[in-house]
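Values below: all heavy atoms of this structure, side chains included; hydrogens, waters and symmetry mates excluded.
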Amino acid sequence: MNLKPLKGQHHVSAITADANRNYDFYTKTLGLRLVKKTVNQDDTSVYHLFYADERGNPGTDLTFFEIPRAGHTYYGTNSISSTSLRVPSDQSLHYWKSRFEELSVEHEDISHETGRATLSFTDFEGQRLMLVSDEVNVGVGGGRPWKNSPVPAEHSIVGLGPVLLTVSKKEHTAKVLTDILGYRKKRGYSAYGSEVSVFETGEGGTGAELHLLERSDLPMERPGRGSVHHVAFRVEDEEELNKWVKYLKDQRIPNSGFVERYYFKSLYFREPNGILFELATDGPGFEGDEPFEHLGEKLALPPYFEDQRNIIEAKLKPLDTKE
C-alpha cells in the first residue's frame with residue numbers, strides 16, 4: 001500500500017486532576033494558548049483542554065483530560081515518560097531557567113545529554129516535561145506563538161519536540177516503529193545508564209522524533225494525575241487515514257478503526273509494550289466552531305453532542321478561560 005510517511009507529532013494527551021490549576025500553569029506560566037475547551041468524547045463528564053500555538057496547528061498541541069479523582073502516578077516502564085516542548089534557541093533555555101526560578105517551578109539544570117540543549121521540569125502534578133532548543137534543528141517546522149502570551153515571542157514554545165518512550169522490551173516497540181509506522185533509526189545517546197535510540201519520520205527534526213529507552217529494572221507505570229495517556233502522529237488527511245485503517249487491518253494489528261473527533265479524524269492502537277498510539281489528521285482544525293480571536297473561551301462541543309449541552313455543562317466544574 002502506498003502510504004505517505006507520518007509527518008511527526010500531532011499531539012500528546014495527558015491527565016490532570018485540577019483543570020483550573022492546569023489552565024493557570026499552561027497559559028500563565030508556559031504561555032501556551034488554550035485553543036479548545038471541550039470534553040473527553042469518550043466520557044463527557046470531564047474536560048478535554050487543548051493548549052497549543054496561536055491556532056492549534058498540528059504538532060503544537062499538548063492536551064489534558066481532567067479526571068478529578070485521579071490518584072498519584074507511580075512512574076515506571078511501558079509509558080510515555082517525558083514530553084518535550086520546542087523553544088527557538090539555546091538562549092531561550094536560560095530565559096526559561098530564570099522564569100522557572102522566579103515562579104518556583106521544579107526544574108533541573110540545562111543539559112546536552114540528548115544531543116541538543118534541553119531543560120527538564122515538572123508541572124504542579126509531576127508531569128514530566130522538557131524544553132528542547134531548536135537552535136541547530138533541521139526538519140519539520142514549528143508553530144507561531146500566541147500574540148497575547150506572557151512569554152516573549154523570541155523565547156515562546158513553538159510546538160512539541162521529541163517524546164520519550166520507556167519500555168520493558170525495546171526491540172518490540174522498535175520493530176513497530178520501523179516496520180509498521182515507517183520510522184528510521186537516526187542515532188543514539190546514553191541516559192539512565194542505558195542507550196536511548198532516536199527514531200525519526202517525515203522531514204525529521206525535533207518535531208518528528210521518538211526517543212526509545214529500555215528499562216527492565218522498573219515496574220510497570222501506574223498512571224494517574226501527571227501521567228501521559230497517549231501520543232498522536234500526523235497524517236495528511238482523511239483519505240490517508242483510511243489507508244492506515246486498511247493497512248493495520250491487513251497487518252492484523254488490533255485497532256480502533258476510523259474515529260470521528262470533529263477537530264480531526266483518528267485511529268488508535270497499542271504497540272506491543274502497551275503504549276497507546278494515535279494517528280490523527282492535520283485538519284479540519286479548531287476554527288470550525290469558534291472564531292480565531294475567541295478560541296478556547298467557551299465550552300465547545302462537536303455537533304453530535306450539542307443536544308446534550310445542558311446535561312454536559314451541569315456535570316462540569318466552572319472553568320473561566322476568557323482572556
Could you go step by step and tell me if Leu210 and Tyr183 meet the side chain to side chain contact (heavy atoms under 4.5 Å, CB included) rule?
CA-CA 9 Å; Leu210 291 176; Tyr183 279 75; 3.8 Å; yes
Under the criterion salt bridge (charged side-chain N to carboxylate O under 4.0 Å, His left out), I'd like the reasoning laid out for Glu260 against Lys265: C-alpha separation, chi angles, the key distance, then a yes or no.
CA-CA 5 Å; Glu260 173 62 71; Lys265 325 296 180 181; 2.9 Å; yes
Evaluation steps, side chain to side chain contact (heavy atoms under 4.5 Å, CB included), between Ser92 and Glu154
CA-CA 8 Å; Ser92 297; Glu154 64 266 27; over 6 Å; no
Working note: Lys243 + Glu240, criterion salt bridge (charged side-chain N to carboxylate O under 4.0 Å, His left out); need CA distance, chi angles, decisive distance, verdict.
CA-CA 5 Å; Lys243 291 181 183 178; Glu240 189 68 16; 3.8 Å; yes
Assess whether side chain to side chain contact (heavy atoms under 4.5 Å, CB included) is satisfied between Thr201 and Leu181, documenting all intermediate values.
CA-CA 9 Å; Thr201 185; Leu181 296 181; over 6 Å; no
Evaluate ring-ring contact (aromatic ring centres under 6.0 Å, His included) for Phe292 paired with Phe286, printing each intermediate quantity in order.
CA-CA 8 Å; Phe292 171 76; Phe286 296 109; over 10 Å; no
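Between Phe199 and His211, the ring center distance fails the sub-6.0 Å criterion. Ring centers of Tyr26 and Phe64: under 6.0 Å apart, within the cut-off. The aromatic ring centres of Tyr95 and His155 sit less than 6.0 Å apart. Proximity of the aromatic rings of Phe233 and Phe277 is defined here by a centroid distance below 6.0 angstrom, and this criterion is met. The ring of Phe264 has its center closer than 6.0 angstrom to the ring center of His10. Between Tyr47 and Phe65, the distance from one ring center to the other does not fall under 6.0 angstrom.
By the 4.0 Å N-to-carboxylate-O rule, Asp282 lies close enough to Lys7 to be salt-bridged with it. The pair Glu278-Arg234 does not meet the salt-bridge criterion, since no charged nitrogen lies less than 4.0 angstrom from a carboxylate oxygen. A salt bridge links Glu101 to Lys97: one of the charged nitrogens lies within less than 4.0 Å of a carboxylate oxygen. Look at Glu287 and Arg55 and you find a salt bridge, because one of the NZ, NE, NH1 or NH2 atoms lies within 4.0 Å of a carboxylate O, short of that distance. The existence of a salt bridge linking Arg309 and Glu306 is confirmed by a sub-4.0 Å separation between a basic side-chain nitrogen and an acidic carboxylate oxygen.
Closest non-hydrogen pair, Ala191 versus Val196, comes out as CB-CG2, 3.9 Å. In terms of heavy atoms, Val176 sits closest to Pro272 at CG2-CD, 3.4 Å. In this structure, Glu113 and Tyr189 approach most closely via the heavy-atom pair O-CD1, 3.3 Å. Looking at every heavy atom in both residues, Ala14 comes nearest to Gln127 through CB-NE2, 3.4 Å. Arg116 and Ser133 make their closest contact through CD-O, 4.0 Å (heavy atoms, listed as atom of the first residue, atom of the second, distance). Closest approach of Thr29 and Val151 over heavy atoms only: O-CG2, 4.2 Å.
The neighbour count for Ile253 CD1, taken as heavy atoms of other residues, nucleotides or ligands under 6.0 Å away, is above 12. Taking a 6.0 Å sphere around OH of Tyr192, one finds it holds 12 or fewer heavy atoms contributed by other residues, nucleotides or ligands. Residue Lys169 places its NZ atom among 12 or fewer non-hydrogen atoms of other residues, nucleotides or ligands, all under 6.0 Å distant. Dense packing is recorded around CD of Glu171, with more than 12 heavy atoms of other residues, nucleotides or ligands lying under 6.0 Å away.
Counting only N and O atoms by type, the side chains of Asp289 and Tyr263 include a donor and acceptor under 3.5 Å apart. At a cut-off of 3.5 Å, with distance as the only test, a side-chain donor of Glu125 or Thr16 sits close to an acceptor on the other residue. Side chains of Glu297 and His294: a donor on one and an acceptor on the other come within 3.5 Å. There is a side-chain donor-acceptor pair under 3.5 Å between Glu271 and Thr173. Remark: the Thr166 side chain and the Thr77 side chain contain no N/O donor-acceptor pair separated by less than 3.5 Å. With 3.5 Å as the limit, one finds a donor-acceptor pair spanning the side chains of Lys37 and Thr321. Using modelled atom types, one finds a donor on one side chain and an acceptor on the other under 3.5 Å when comparing Ser45 with Asp43. Checking Asn57 against Asp53 by side-chain atom types alone, a donor-acceptor pair falls below 3.5 Å. A side-chain donor-acceptor contact under 3.5 Å links Asn273 and Ser168. Checked by atom type, the side-chain pair Thr206/Asn137 shows a donor-acceptor distance below 3.5 Å.
Legend: salt bridge (charged side-chain N to carboxylate O under 4.0 Å, His left out) pairs involving residues 216-230, not counting sequence neighbours, sorted by first then second residue: Arg128-Glu221, Arg215-Asp217.
For Lys186, the salt bridge (charged side-chain N to carboxylate O under 4.0 Å, His left out) partners two or more places apart in sequence, or in a different chain, are Glu200, Glu209.
A chain of hydrophobic side-chain contacts below 4.5 Å, direct or via other Ile, Leu, Val, Met, Phe, Trp or Tyr residues, connects Leu319 to Leu299. Hydrophobic clustering, with ILVMFWY side chains joined whenever heavy atoms are under 4.5 angstrom apart, groups Phe25 together with Val87. Each of Tyr268 and Ile80 belongs to its own hydrophobic cluster when Ile, Leu, Val, Met, Phe, Trp and Tyr are linked at side-chain heavy-atom distances under 4.5 angstrom. Residues Tyr23 and Val46 do not share a hydrophobic cluster, defined by chaining ILVMFWY side chains whose heavy atoms lie under 4.5 Å apart. Leu34 is connected to Tyr262 through a chain of hydrophobic side-chain contacts under 4.5 Å among Ile, Leu, Val, Met, Phe, Trp and Tyr, so both are in one cluster.
Using a 4.5 Å cut-off on side-chain heavy atoms (C-beta onward), Leu119 and Met130 make no contact.
Between Tyr247 and Trp244, the ring-plane angle classifies as perpendicular under the 30° and 60° cut-offs. Ring orientation note: the planes of Phe100 and His107 are tilted relative to one another, at an angle of 30° to 60°. Ring geometry, Tyr74 versus His72: the interplanar angle exceeds 60°, so the pair is classed perpendicular (tilted spans 30 to 60°).
Within the 3.5 Å criterion, the main-chain N or O of Leu131 finds no donor-acceptor partner in the side chain of Ser84.
Its side chain outside the 4.5 Å cluster rule for every partner, Val140 clusters with none of the Ile, Leu, Val, Met, Phe, Trp and Tyr residues.
For Arg33 and Tyr51, the positive end is not near the middle of the six-membered ring at less than 6.0 Å and at most 45° from its axis.
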